[in-house]
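A quick write-up on the structure given underneath.
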There are 2 protein chains.
Amino acid sequence: MATIRDRIATRNLVSGDKLPSIRSCARQMAVSNSTVVEAYDRLVAEGIIQSRRGSGFYVAGHTAPLSIAQIGPKLDRAIDPFWVSRQSLDARPDMLKPGCGWLPPDWMPEQSIRRALRTLARASDDVLVEYGTPLGLAPLRQLLSRRLAGYGIMAEPDQVLLTESGTQAIDMLCRFLIGPGDTVLIDDPCYFNFCALLRAHRANIVSVPFGPNGPDIDAFANVLATHKPRLYITNSGLHNPTGASLSPQTAHKLLNLAEQHDLIIIEDDIFADFETTPAPRLTALGGMERVIHIGSFSKTLSASMRCGYIATRPDWIDQLIDLKVATGFSSSNLAPELVHTVLKDGTYRKHMDGLRDRLSRTMTQTANNLASLGIHPVLAPKAGIFLWCALPDGIDAAQTARNALADGVVLAPGNVFSMSQSAGNLMRFNVAQCQHPKIFEVLERAMRS
Amino acid sequence: MATIRDRIATRNLVSGDKLPSIRSCARQMAVSNSTVVEAYDRLVAEGIIQSRRGSGFYVAGHTAPLSIAQIGPKLDRAIDPFWVSRQSLDARPDMLKPGCGWLPPDWMPEQSIRRALRTLARASDDVLVEYGTPLGLAPLRQLLSRRLAGYGIMAEPDQVLLTESGTQAIDMLCRFLIGPGDTVLIDDPCYFNFCALLRAHRANIVSVPFGPNGPDIDAFANVLATHKPRLYITNSGLHNPTGASLSPQTAHKLLNLAEQHDLIIIEDDIFADFETTPAPRLTALGGMERVIHIGSFSKTLSASMRCGYIATRPDWIDQLIDLKVATGFSSSNLAPELVHTVLKDGTYRKHMDGLRDRLSRTMTQTANNLASLGIHPVLAPKAGIFLWCALPDGIDAAQTARNALADGVVLAPGNVFSMSQSAGNLMRFNVAQCQHPKIFEVLERAMRS
């Protein structure tokens, strides 16, 4: 009874679905037929399922509202992706957030943004009040097309679709590419919101260990053969949380395997501009037949100006426009106008140069501060904002995060990022958010208690 | 074979689903068993389905990308919701758009928006560059809570969740409330994008005739009893496309039926501010147990500043936040800050007063212009931007729209709005977009040819 109820709550069974026959259910659960008969009878009595004469048992009534929190295993709050996101997003202003995934406000190019807002205040009427086209602001798409060419990614402006954010880009692609029960492959560890998002799509999630050069290729081949995933979501440059970059050889092998197993890849490239030496892009190597490229400006420009994009095949762009019109009607021009103004005025390049230098210095400094607590990076990232670190032996990251939160510090314990829950001793640190000395004091106390 | 292929293309059957047994398939399609055996064998040979020994036939391989255009009946382009949306959104600047659903740019409060942008240029860092909270900008939610109270809708600020738009609000609620195959009730006629959106959710769509006082209550009761929809999406004040308003008596009966049949209602109230005498709100009468209220500012302030909202029960708000974090991560503060600045500075009220007067005059004038072509409103709206009109006897609206488009005029033929396709002689006119005399010349020619 509990199994059926769970499957209904998580929408694996929806109103009108036929239940397994009594015999096959008994076999699956390794119980007697009469036990199943009794369970089904009780569920009928509760109005949860209906019996149709000569045809079997069916799910009755209405689909329950979707509770993503109820999909997938029950997790400790400290390692539940939703809880960590909501803690970071809802943090009081006086809290410190070395566990969050973005830069502090004073690292962002606020002067350029203020200037762009004043420019926008003088724009023509239609920019300010009209719906944008479904593809989104043309000059920004032209600029993105040229930027992508710099990575060897050949996408015409009409192959670039603007979205509200990087997350919304992946969400739209999941709606486009997968259905409930389809298998999706992610890295272990990977950005925790991939899991949350895939749970919302009721996907079957499998993972592959991610090492210093990209996914473990033998494990990758094995997962493709065994689980036949439809889709793989990954980062090529500056992987979140490890800071690793894909090696050319791994990229090449990975693309061959994708071809062989008809796998589609979403290359989430939102950290691209932090790179000092660009990693190979899967989209550049493999082309757009099966690799989809996405990006955004939340990490380098402003998280408040929501603006992301998808670069993909022309035939898919056309179908994605229908999906965009149906589910969001249109694009805003506002954020894209601001992003475009900042990108083209020349200050963005200077801002990023300064940011990379500052991050490099801060990364060294933070690594030293962590080392003094016996916390060491698992690998040395070439650039970016993250250090993926091992805590001293025997220290549990989730417990440490729970303790630190009580002291006003939001941390990101390893298992939040790990499908296999094999990162209990690891933690991700955002070096730009590790400036305050209180963080290390709280961390030391949190590990001890 | 075509039936199975169609069901796979539209995701009614997905990878791993079991096909009906040969015998039951033969019975359903009224063909012989051997015909089905042959069809299944050929589909196996094509790799579309797989045979599993002793267990039956299963859908093989991967789910095809979602093509919404392939879901539902094939429609003539002129009455396909996607085509009409895309025509309006992608229209060249020199085209005239009496068929579109929004005001011309010069009707919008551009001075207030420019002022709000200059104010925003002086805002604090965190407003400009930080992620917003998942619920969205608190001062705007407080203001919306007070505004809703003016309609008798009692929603605390924490019961108001900001979204990117009214469409995105409905989309998020559909993801929350329904699953593929669930039945959803809409008005006939209704806003055409409801259909497009519900097709993206693979919902089973049923409709009820909508008259001058709201839905036909006898038909409504009948549909609830027969089809047991989970959800009803409607407008209470100034219905799109008819301009009708819900009468108190219809609202009362409708809510009793909803209660009786466990129906959830989304009240899409994006035209509220155009009303001169407010219609009763279902949310106000029935409370938030089963009525969800949504709104936006795209029609009265700016379609470029994407900002909508959902007001609902606290327990649903909490689950919706998870869904929002998973699928979009966070809110922008940008558009909400601008909307809040304009709403609170006192100019919005004056803008709306002026807009209502201007619309009232324009509606009379447009009705006169249409009357001279033998085109007459089906009912006289109390306010708003739409006239829902009958063309002269024997004139086909779809053909007229097709002809007019060739002359650079985008029209909205009745069947775009009609699930039952019973509005072939009707057309929706946006009076604010009917200012140019060329429109009536083109319309006359288009009806004749």
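- Smallest separation of non-hydrogen atoms from B/L103 and B/Q433: C-NE2, 3.5 Å.
- Donor-acceptor pairing under 3.5 Å is recorded for the side chains of A/H201 and A/D171.
- Interface remark: B/L338 contributes side-chain atoms only to the contact with chain A (heavy atom separation under 4.5 Å).
- Counting heavy-atom pairs closer than 4.5 Å to chain A, the top residue among B/L198, B/N193, B/T133, B/N333 is B/N193.
- The greatest number of non-hydrogen atom pairs below 4.5 Å with chain B, out of A/R118, A/R115, A/E164, is found for A/E164.
- A/P180 is not listed as a side-chain neighbour of A/N204, based on a closest heavy-atom distance of 4.5 Å or more.
- The nearest pair of heavy atoms linking A/A335 to A/S332 is N-OG, 4.0 Å.
- Listed by chain and residue number, A/L135, A/R141 satisfy the side chain to side chain contact (heavy atoms under 4.5 Å, CB included) test with A/D158 (two or more places apart in sequence, or in another chain).
- Atom NZ of A/K324 sits about 12.0 Å away from atom CZ of A/F329, to the nearest 0.5 Å.
- Counting heavy-atom pairs under 4.5 Å between each of B/D318, B/L320, B/L173, B/L301 and chain A puts B/D318 at the top.
- B/T300 and B/M108 get closest at one heavy-atom pair: C-CE, 4.0 Å.
- Across B/T327 and B/L323, no two heavy atoms sit closer than the pair OG1-O, 2.7 Å.
- When each of A/A123, A/G132, A/P104 is checked for heavy-atom pairs under 4.5 Å with chain B, A/A123 comes out on top.
- For B/R122, the part lying near chain A is the backbone, with the side chain staying farther off; criterion is any non-hydrogen pair under 4.5 Å.
- Contacts between B/W107 and chain A at a heavy-atom distance below 4.5 Å are absent for every atom of the residue.
- The contact between B/I113 and chain A is made entirely by side chain atoms (from C-beta outward), counting heavy-atom distances below 4.5 Å.
- For B/E130, the parts lying under 4.5 angstrom from a heavy atom of chain A are both the backbone and the side chain.
- Ranked by non-hydrogen atom pairs under 4.5 Å with chain B, the options A/P134, A/S298, A/S165 are led by A/P134.
- For B/T163, the side chain to side chain contact (heavy atoms under 4.5 Å, CB included) partners two or more places apart in sequence, or in a different chain, are B/Q168, B/A169, B/I310.
- Across all non-hydrogen atoms, the minimal contact from A/E289 to A/R313 is O-NH1, 2.9 Å.
- No other option in B/I170, B/I264, B/L120, B/T183 has as many heavy-atom pairs under 4.5 Å with chain A as B/L120.
- For the set B/S85, B/C100, B/P105, the entry with the most heavy-atom pairs within less than 4.5 Å of chain A is B/P105.
- For a residue to count as touching a neighbouring chain, one of its non-hydrogen atoms must lie under 4.5 Å from one of that chain's; by this rule B/S330 touches chain A with backbone and side chain alike.
- Contact annotation for A/S124: only backbone heavy atoms (N, CA, C, O) come within less than 4.5 Å of a heavy atom of chain B.
- Contact tally against chain B (heavy-atom pairs below 4.5 Å) for A/V127, A/L197, A/L334, A/D125: the top residue is A/D125.
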